[in-house]
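Down below is the structure, laid out as structure tokens.
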Amino acid sequence: TIQAFEEQKLVWRDVRLADIVRHLDNRGWMTIDYETVAKAGKQKQKYELADWNAGTLKGGNVYDTSSDLYQVARMLQKLQIQWSDSAHNLMEGLLGRTLSTQAALGHAWLHGVEYQWRRQP
């Protein structure tokens, strides 16, 4: 979803677990709830969403594609599970805004997780 939005120069802004659901036919995951989608780089709005923190907005006032990726890492952290070193590496890259969407999608940890989900009965 984030990649598709990025290609259209849009941002989701409401990245949270409640908006990611499993397909009923077990084909994978999908995202829902897009009422907060906006043009990337838009200046800070008059309100902030509940899951945002001081690091969400780039430079303190702009929500861009790196903000969506930052929020993905925060969402994963909220799961409070024991993450592998590879998962921590991905989250650190997202929180530090050093990974592009393409680099994040190509990260080794995501490919391992995708393989595990596909193997589930």
A side-chain contact here means heavy atoms from C-beta on lying under 4.5 Å apart; do Arg74 and Asn53 qualify? yes
Let me confirm one number: the CG-OH distance from Asp68 to Tyr70, rounded to the nearest 0.5 Å. 13.0 Å
Test of understanding: clusters of I, L, V, M, F, W, Y form through side-chain heavy atoms closer than 4.5 Å, transitively. Do Phe5 and Val21 belong to the same one? no
Would you mind reporting whether Asn89 and His107 have side-chain heavy atoms less than 4.5 Å apart? yes
Is any side-chain heavy atom of Leu110 closer than 4.5 Å to one of Leu90? yes
Determine whether a donor-acceptor pair (N or O, by modelled atom type, separation under 3.5 Å) exists between the side chain of Ser67 and the backbone of Thr56. yes
Nearest 0.5 Å please: distance from the NZ atom of Lys78 over to the CZ atom of Arg16. 9.5 Å
Is it the case that one hydrophobic cluster holds both Ile32 and Ile20, taking links as side-chain heavy atoms less than 4.5 Å apart, direct or via other members? no
Hey, can you tell me if Tyr34 and Trp12 have their rings parallel, tilted or perpendicular (30° and 60° cut-offs)? tilted
As an exercise, state the distance from CG of Leu95 to OG of Ser66, rounded to the nearest 0.5 Å. 11.0 Å
Does Met91 belong to the same Ile/Leu/Val/Met/Phe/Trp/Tyr cluster as Leu105, with side-chain heavy atoms less than 4.5 Å apart forming each link? no
Assess the residue pair Arg13 and Thr36 against the criterion (side chain to side chain donor-acceptor pair (under 3.5 Å)); give the C-alpha distance rounded to whole Å, side-chain angles, the decisive distance to 0.1 Å, and a yes or no. CA-CA 6 Å; Arg13 299 190 306 175; Thr36 60; 4.9 Å; no
Counting only N and O atoms by type, is there a donor-acceptor contact under 3.5 Å from the side chain of Glu6 to the main-chain atoms of Val11? no
For a side-chain contact (heavy atoms from CB on, under 4.5 Å) check, start with the C-alpha distance between Gln71 and Trp52, then their side-chain angles and the critical distance, and finish with the verdict. CA-CA 8 Å; Gln71 288 300 108; Trp52 291 9; 3.8 Å; yes
Checking Leu10 against Thr65 for the side-chain contact (heavy atoms from CB on, under 4.5 Å) test, could you report, in this order, the C-alpha distance in whole Å, the side-chain angles of both residues, the deciding distance, and whether it holds? CA-CA 8 Å; Leu10 299 171; Thr65 54; over 6 Å; no
Return the minimal non-hydrogen interatomic distance between Leu69 and Leu99, and the atom names on each side. CD1-O, 3.6 Å
Heavy-atom side-chain proximity of Thr31 to Asp19 below 4.5 angstrom: no
Could you give the distance from CG (Leu94) to CG (Leu76), rounded to the nearest 0.5 Å? 8.0 Å
Return the CD to CD distance between Gln8 and Gln3, rounded to the nearest 0.5 Å. 11.5 Å
Lys/Arg-Asp/Glu bridge criterion (N-O < 4.0 Å) met for Lys9, Asp64: no
Check: Tyr63 and Lys58 side chains under 4.5 Å, non-hydrogen atoms: no
